[in-house]
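Excluded from the calculations below are hydrogen atoms, water molecules and symmetry mates; all remaining heavy atoms, backbone and side chain alike, are included. Computed from a predicted model, the values in this text were never measured in an experiment.
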Amino acid sequence: MFKKIGLFIVIVIILLIGVMAFNTFTNTPDTLVVEVVEMPAIDIDAVTMRLSEAVRIKTISTGVDDPPASAEFDRLHLLITSSFPLVHENLKREVIGGHSLLYTWEGSDPSLPPALLMGHMDVVPVEPGTEGGWEEDAFSGAIKDGAIWGRGTLDDKLSVFAILEAAELQLTAGFAPKRTLYFAFGHDEEIGGENGARKIAALLEERGIRLAFTLDEGMVIVQGIMPGVEEPIAFIALAEKGYLTLKLTATTEGGHSSIPPRTTAIGKIARAVSRLEENRFPAALKSPASDMFDALVPHMGLPLKAIISNRWLLDPLLVSELGKGGATNAMVRTTTAVTITEGGTKDNVLPSTATATINFRLLPGTSIEDVVAHVTDVIDDPDIDITVKQGNEASRVSNKDAEGYRLIEKTIQETLPDVLVSPGLMLAGSDSKHYEAIAENSYRFLPMRFGPEDIARVHGTNERIFIENYVEIIQFYRRLMENTGG
Ligand SMILES: [Zn+2]
């Protein structure tokens with residue numbers, strides 16, 4: 001009997017290894033070959049000068065309560081109008097919400113649903129105290145070492161200007177779109193987009209417009225961050241995580257510290273925080289993070305390839321490994337980050353209240369309500385009041401098999417042939433969320449090439465774009481316009 005069971009186990013193990021090996025070695029890249037398209041040359045000096053000039057204009061978004069500097073936006077609008085005369089002549093231009101711009105490039109075939117390309121004209125300020133760390137002043141637009149330097153060169157004036165450069169070049173070449181194209185350039189993305197993107201989307205909705213897709217900033221081309229993949233990868237984000245800030249307030253009796261009660265307000269908050277850190281949200285590998293692995297695994301090496309090719313068996317192992325990293329953890333989990341605690345003002349006085357502010361980033365599929373329920377449950381303390389300070393839900397997950405995604409993917413393959421394409425999940429937020437109601441699909445991708453250290457330049461010190469890459473971005477948009485139907 002024992003012999004029989006032993007034999008059975010051996011057979012099962014052999015079969016299992018066989019299936020796993022089969023799954024691993026048949027997981028090869030698609031051999032679909034897209035031909036590289038040689039785009040006509042660009043006047044590199046001219047496009048460089050225009051972006052450099054745009055960087056010098058201080059369209060800074062400081063805070064929700066700080067109105068944007070009108071004069072600076074007026075200057076930027078003037079620069080745009082004078083730099084792109086054919087765009088100005090041939091496209092309808094509307095100013096919305098004070099300083100946002102909406103361009104309509106009427107297509108010849110009204111049966112094709114329109115597409116909307118996005119960017120934003122505002123930038124974040126330079127964090128006080130970090131000015132000295134800049135190799136070139138943040139608003140100099142300096143051209144040095146093959147790069148354009150300053151705020152907006154990565155986030156996100158480059159995308160506004162690259163789209164306009166591409167349109168101007170296409171108009172010069174006599175291109176006329178079949179599909180109506182919209183360009184939407186917000187002026188307050190960095191503070192939520194309430195006056196810009198939200199109002200543009202509301203106006204389009206009022207006009208009964210349904211978009212095939214939107215393309216906004218979001219993910220980029222990265223190299224050297226995905227273990228086992230050497231090629232640069234273009235991540236087209238299908239979704240963005242939600243954002244929620246909760247404030248916890250513990251209230252107890254105050255009094256003198258010489259006769260303290262058993263539990264204090266600060267003690268209660270400390271307990272709540274510690275319980276939340278111990279009880280993280282469960283991790284799970286779901287779309288779009290799972291789509292990313294599906295797309296990239298054929299390019300990976302062992303042992304990762306074997307593990308991901310056999311998710312039917314090894315999923316718990318994979319999810320637990322991903323949950324240990326920083327960025328990979330954020331892809332598989334709604335994250336919890338305690339950002340502020342307050343309580344107490346004097347050595348010998350017990351504060352009657354103490355607070356903690358906690359920032360959550362929600363995976364698609366987890367709602368604000370779910371998070372509040374989880375927090376209430378985990379803290380389990382009636383003396384702690386939980387209030388929502390700020391929040392927006394995670395986006396929907398866009399379709400990676402839809403026409404819009406395929407057009408973007410094809411455009412990348414045609415103009416950036418060294419790059420792999422993969423779906424992705426954006427961990428930060430963008431203006432795209434405002435268009436959800438009127439867009440079939442929303443994609444978030446800009447073909448900037450990032451090494452491991454470049455992400456810190458976004459909203460950070462020494463923001464700059466290599467001119468060579470900027471030219472690639474213009475060519476990408478130019479080809480995309482053709483691919484959407486010309
Ligand atoms: Zn941005």
Side-chain angles (χ1 to χ4, degrees), residues 32-42 80 84-94 96 101-119 159-185 200-201 203-217 234 236 238 398-417 421 432 435-447 472-486:
L32 175 84
V33 180
V34 172
E35 260 183 60
V36 177
V37 174
E38 208 52 63
M39 299 300 289
I42 285 178
I80 289 172
F84 307 106
L86 290 178
V87 169
H88 196 60
E89 206 180 296
N90 291 278
L91 276 64
K92 182 168 120 189
R93 173 186 182 271
E94 293 168 275
I96 292 160
L101 294 174
L102 173 66
Y103 287 93
T104 308
W105 197 354
E106 205 68 58
S108 56
D109 183 352
S111 74
L112 290 171
L116 182 135
L117 306 181
M118 296 164 65
S159 128
V160 173
F161 273 70
I163 291 168
L164 290 166
E165 294 285 0
E168 187 77 10
L169 286 163
Q170 290 295 18
L171 285 162
T172 311
F175 172 84
K178 276 208 187 94
R179 181 195 302 270
T180 293
L181 296 175
Y182 292 100
F183 306 152
F185 304 136
I200 297 175
L203 179 73
L204 293 175
E205 188 169 17
E206 214 177 277
R207 291 176 182 166
I209 288 153
R210 286 289 300 168
L211 302 165
F213 68 95
T214 60
L215 177 63
D216 192 9
E217 62 171 350
I236 305 171
L238 303 180
S398 287
N399 185 351
K400 68 175 190 337
D401 299 313
E403 189 190 13
Y405 185 91
R406 288 205 313 273
L407 291 177
I408 298 165
E409 181 180 46
K410 176 169 177 274
T411 307
I412 298 168
Q413 290 164 336
E414 286 174 339
T415 58
L416 303 152
V421 183
S432 299
Y435 293 88
E436 273 207 335
I438 58 163
E440 204 65 48
N441 289 289
S442 308
Y443 304 109
R444 301 153 179 90
F445 168 70
L446 183 54
E472 287 180 317
I473 295 168
I474 297 170
Q475 299 287 35
F476 163 83
Y477 281 124
R478 200 174 174 186
R479 183 64 186 155
L480 183 64
M481 287 170 189
E482 292 171 0
N483 281 338
T484 58

**Q475 side chain to P40 backbone, donor-acceptor under 3.5 Å** = yes

**Message:** Donor-acceptor check, side chain of Q170 to backbone of R478, threshold 3.5 angstrom: yes or no?
**Reply:** yes

Once you round to the nearest 0.5 Å, how far does [atom1] of [X] lie from [atom2] of [Y]?
X    : Y    : atom1 : atom2 : result
I438 : L203 : CD1   : CG    : 9.0 Å
T104 : L116 : OG1   : CG    : 9.0 Å
K178 : L112 : NZ    : CG    : 8.0 Å
L101 : I80  : CG    : CD1   : 5.5 Å
Y182 : L211 : OH    : CG    : 7.0 Å
E403 : K410 : CD    : NZ    : 11.0 Å

Side-chain donor-acceptor pairs of residues 86-93 under 3.5 Å, sequence neighbours excluded:
| unit_1 | atom_1 | unit_2 | atom_2 | d |
| --- | --- | --- | --- | --- |
| N90 | ND2 | L86 | O | 2.8 |

Minimum-distance pair of heavy atoms, taken over all atoms of [X] and [Y]:
X    : Y    : value
S108 : P110 : O-CD, 3.3 Å
P113 : R210 : CB-O, 4.1 Å
L480 : L117 : CD2-CD2, 4.0 Å
M481 : L181 : CG-CD1, 4.0 Å
I200 : A184 : CD1-CB, 4.2 Å
G119 : D216 : N-OD1, 4.3 Å

**Prompt:** Hey, mind stepping through I163 and F185 against side-chain contact (heavy atoms from CB on, under 4.5 Å) and telling me if it holds?
**Reply:** CA-CA 10 Å; I163 291 168; F185 304 136; 4.0 Å; yes

**Asked** After noting the C-alpha distance and the side-chain angles of I412 and I236, does the key distance pass the side-chain contact (heavy atoms from CB on, under 4.5 Å) rule?
**Response** CA-CA 10 Å; I412 298 168; I236 305 171; 3.9 Å; yes

**Request:** Give the C-alpha distance, both sets of side-chain angles, the deciding distance and a yes or no for side-chain contact (heavy atoms from CB on, under 4.5 Å) between L169 and Y477.
**Result:** CA-CA 11 Å; L169 286 163; Y477 281 124; over 6 Å; no

**Message:** I'd like to check the side chain to side chain donor-acceptor pair (under 3.5 Å) partners of E94; sequence neighbours left out, ordered by chain and number.
**Reply:** R207

**Message:** Would you say the ring centers of F445 and F476 fall short of 6.0 Å from each other?
**Reply:**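 So the answer is yes for these two rings.
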
**Prompt:** Would you call the rings of F183 and W105 parallel, tilted or perpendicular, where under 30° means parallel and over 60° means perpendicular?
**Reply:** perpendicular

**Prompt:** In terms of the angle between their ring planes, are F213 and Y443 parallel, tilted or perpendicular, with boundaries placed at 30° and 60°?
**Reply:**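 Taking Y443 first and then F213, their aromatic rings sit tilted (interplane angle of 30° to 60°).
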
**Asked** Is there any salt bridge (Lys or Arg N to Asp or Glu O under 4.0 Å) pair reaching into residues 101-118, and which pairs are they, with sequence neighbours excluded?
**Response** none

**Prompt:** Below 4.5 Å, heavy atoms only, C-beta onward: do E217 and S432 meet side chain to side chain?
**Reply:** no

**Prompt:** Would you call R479 and E482 a salt bridge, taking side-chain N to carboxylate O under 4.0 Å as the test?
**Reply:**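 Salt bridge between R479 and E482, a charged N being under 4.0 Å from a carboxylate O: yes.
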
**Prompt:** Are N483 and E414 close enough, and set up right, to give a side-chain contact (heavy atoms from CB on, under 4.5 Å), and what steps lead you there?
**Reply:** CA-CA 10 Å; N483 281 338; E414 286 174 339; 3.1 Å; yes

